[in-house]
Amino acid sequence: MELYTLAIETSCDDTSISILEGIEVISLKTFSQIKDHKKFGGVIPEIASRLHSKYIFDIIKETIFEAGIKLNDINRIAVTGGPGLVNTLQVGIVVAKTLSLLLNIPIYDINHVEAHAYSPFIGKNAKRIPKRAIVLIVSGGHTEISIKKDWTFKKIGETKDDSIGEAYDKVAKILKLGYPGGPAIDKIYSTIESDGIKCPVSNLENYDFSYSGLKSHVMNKSKDKKNDFKSLAKGFQTSAIQQLVIKVKKAIEEHKIKNVIVGGGVSANSLLREKLLELRDVNLHLPKIMYTGDNAAMIGYLAAIKIESNQLKPSSLKLDAEPRRKI
Ligand code: KG4
Ligand code: ZN
C-alpha cells in the first residue's frame with residue numbers, strides 16, 4: 001500500500017496544500033493571495049502570514065476531501081522549511097507540527113528551491129531523474145544556476161541584484177501593466193508584431209545574473225512619451241530571457257552536460273521555453289505549467305522520492321523556519 005503524504009507550502013503568497021499517494025499527486029489546492037497584494041505592487045509579509053493562517057485549515061479540509069481520504073489516513077507530513085518569508089513559513093510549520101503531534105506521524109522538512117528543481121519530474125520514479133544536470137531556478141525570489149550531481153547541488157551563479165521575477169514585476173509596475181508582471185508581459189510579448197524597443201543584455205562574468213540595469217533602462221525609456229509601453233515590455237522580455245539562455249548555453253558547453261532542468265514561476269515563460277527548446281542535443285526538463293509557480297505538490301513529491309531513496313530523515317518538533325536556506 002502506498003503512503004499518503006500531506007504537503008504544505010506557505011513560503012510566500014500562496015497557501016498550497018497537496019495530498020500524494022506514493023509519488024502521485026491526488027489532490028492539490030492553492031489559494032493565491034495575489035489580489036490582496038496587488039494594490040501594493042508586491043507581497044506584504046504581515047498580510048501574507050495573516051491570510052495563510054486564516055485560510056490554511058479550510059484548504060486542508062478541501063484537499064483531503066478531494067483526495068477522497070480522511071485526516072486519519074495521512075501517513076506523513078512534508079512542509080517547506082525555507083527559504084522564504086519567515087512569518088509565512090512559520091504558519092505552515094506550526095500547522096505541520098500540530099498535525100504531526102495529533103496524528104502521531106512523522107514530519108519532513110523540504111527546501112523550497114530544491115523542490116522547484118524536482119518539479120519537472122512530479123509523478124515520475126526517482127530512477128528517471130537525471131543524475132547530472134544543469135539546473136536553472138527562476139522565480140520571484142531566485143535566479144540561480146547550479147550543477148546537480150545525484151542529490152546534491154553546486155551553485156555556480158546567481159543574481160547580483162534583483163531576481164528575474166522581481167524585475168518582471170517592477171517593470172510591469174513602471175509600465176502600468178499589472179501585477180504579477182510576468183504573465184502580463186509574456187502575454188503582451190506575443191501580441192506585438194515588431195521586435196519591440198531594443199534593451200541591453202547584461203552579461204556579468206561567469207554565471208552571475210543582473211537585472212537592475214535592465215529595469216533602470218526601461219524606467220528611463222518609459223519617461224520618453226514617444227516610446228510605446230507595450231513595445232518596451234517586448235524589448236524587456238527579449239533581453240531578460242536572452243540573459244538566461246546565454247548562461248545556460250555556456251554551462252552546457254563548459255560542463256559538458258546534456259540535461260537541463262528549469263523550475264520556478266518564470267519557467268512558465270513562453271519565450272524562455274521556446275529558446276531552450278531550440279537548443280540542439282539537449283534533454284530539456286520543464287515542469288507542467290501548473291507546477292511552475294509555488295505549489296505543495298512539488299514539496300510532497302520531493303519528500304516522497306527522497307524518503308524512498310533513503311535521502312531524508314524526519315525532523316523533530318523543534319523544526320524552525322530558515323528564511324535564507326540555500327539549495
Ligand atoms: O515561483 P514563484 O511562483 O514564486 C516565488 O517563489 O517567487 O514565482 C513568481 C514569479 C513572479 O515574479 C511572476 O511575475 C513570475 O514568477 N512569472 C512569470 C511568468 N509567470 C509567472 N515571469 C515571466 N513569464 C511568465 N509567464
Ligand atoms: Zn518558488
Side-chain angles (χ1 to χ4, degrees), residues 9-16 29-52 54-55 59 83-85 87-89 91 112-113 116 137-143 159 161-192 196-197 199 209-223 227-241 243-244 263-273 287 289-295 323:
E9 155 63 40
T10 61
S11 68
C12 190
D13 62 343
D14 291 293
T15 318
S16 186
K29 291 235 175 261
T30 304
F31 172 73
S32 162
Q33 305 174 355
I34 281 178
K35 64 173 185 350
D36 301 279
H37 300 288
K38 210 170 185 156
K39 52 183 172 290
F40 306 105
V43 178
I44 309 295
E46 193 180 312
I47 296 177
S49 52
R50 278 170 181 250
L51 291 169
H52 283 306
K54 185 168 177 179
Y55 293 113
I59 303 169
L85 301 168
N87 297 357
T88 64
L89 288 166
V91 175
H112 177 89
V113 179
H116 273 305
I137 302 296
V138 277
S139 71
H142 298 271
T143 306
T159 182
D161 38 63
D162 291 345
S163 74
I164 182 168
E166 238 177 311
Y168 264 98
D169 296 338
K170 288 178 181 169
V171 163
K173 195 173 174 185
I174 295 167
L175 301 179
K176 301 184 175 55
L177 300 173
Y179 175 84
I185 293 178
D186 198 10
K187 207 163 152 201
I188 285 168
Y189 183 92
S190 54
T191 62
I192 302 287
I197 295 170
C199 292
F209 303 94
S210 168
Y211 281 99
S212 70
L214 175 58
K215 179 190 66 193
S216 306
H217 181 84
V218 173
M219 167 95 97
N220 291 333
K221 288 275 175 197
S222 72
K223 288 177 186 150
N227 289 324
D228 168 49
F229 279 12
K230 290 187 175 174
S231 300
L232 206 44
K234 180 152 189 175
F236 162 79
Q237 171 148 307
T238 306
S239 160
I241 298 302
Q243 191 181 155
L244 298 178
V266 183
S267 69
N269 187 269
S270 55
L271 183 64
L272 177 63
R273 288 181 171 237
I289 296 292
M290 65 188 290
Y291 299 135
T292 53
D294 290 347
N295 69 88

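Just so we're clear, the structure is a prediction, and the values are computed from it rather than from any experiment.
In terms of the salt bridge (charged side-chain N to carboxylate O under 4.0 Å, His left out) criterion, residue partners of Arg50 (sequence neighbours excluded) are, by chain and number, Glu46. Legend: residues meeting side-chain contact (heavy atoms from CB on, under 4.5 Å) with Ser210, ordered by chain and number and at least two apart, are Asp161, Ser202, Leu204, Ser212. The side-chain hydrogen bond (donor to acceptor under 3.5 Å, both in side chains) test applied to Ser267 returns no partner, not counting sequence neighbours. In this view, Thr30 and Ser16 satisfy the side-chain hydrogen bond (donor to acceptor under 3.5 Å, both in side chains) rule, not counting sequence neighbours. Partners of Ser32 by side-chain hydrogen bond (donor to acceptor under 3.5 Å, both in side chains), not counting sequence neighbours: none found. A search for side-chain contact (heavy atoms from CB on, under 4.5 Å) contacts involving Lys170 returns Asp162, Glu166, Lys215, not counting sequence neighbours. In terms of the ring pair (Phe, Tyr, Trp, His ring centres under 6.0 Å) criterion, residue partners of His112 (sequence neighbours excluded) are, by chain and number, His116. Partners of Thr15 by side-chain hydrogen bond (donor to acceptor under 3.5 Å, both in side chains), not counting sequence neighbours, listed by chain and number: His52.
Identified under the side-chain hydrogen bond (donor to acceptor under 3.5 Å, both in side chains) test for residues 34-45, with sequence neighbours left out: Gln33-His37.
One finds the CG atom of Leu244 at 6.0 Å from the CG atom of Leu272 (value rounded to the nearest 0.5 Å).
Between the side chain of Asp14 and the backbone N or O of Cys12 there is no donor-acceptor pair closer than 3.5 Å. Between the Thr88 side chain and the Ser11 main chain, a donor and an acceptor come within less than 3.5 Å of each other.
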For residues 176-188, tabulate all N or O donor-acceptor pairs below 3.5 Å that involve a side-chain atom, not counting sequence neighbours.
{"from": "Asp186", "atom 1": "OD1", "to": "Gln237", "atom 2": "NE2", "distance (Å)": "3.1"}
{"from": "Asp186", "atom 1": "OD1", "to": "Ser270", "atom 2": "OG", "distance (Å)": "2.6"}
{"from": "Asp186", "atom 1": "OD2", "to": "Ser270", "atom 2": "N", "distance (Å)": "3.0"}
{"from": "Asp186", "atom 1": "OD2", "to": "Ser270", "atom 2": "OG", "distance (Å)": "3.4"}

Anything under 3.5 Å between a donor and an acceptor, one on a side chain of residues 227-235, the other on a protein residue two or more places apart or in another chain? List them.
{"from": "Asn227", "atom 1": "ND2", "to": "Lys221", "atom 2": "O", "distance (Å)": "2.9"}
{"from": "Asp228", "atom 1": "OD2", "to": "Ser231", "atom 2": "N", "distance (Å)": "3.2"}
{"from": "Asp228", "atom 1": "OD2", "to": "Ser231", "atom 2": "OG", "distance (Å)": "3.0"}
{"from": "Lys234", "atom 1": "NZ", "to": "Tyr189", "atom 2": "O", "distance (Å)": "3.3"}
{"from": "Lys234", "atom 1": "NZ", "to": "Ile192", "atom 2": "O", "distance (Å)": "2.7"}
{"from": "Lys234", "atom 1": "NZ", "to": "Ser194", "atom 2": "O", "distance (Å)": "3.1"}

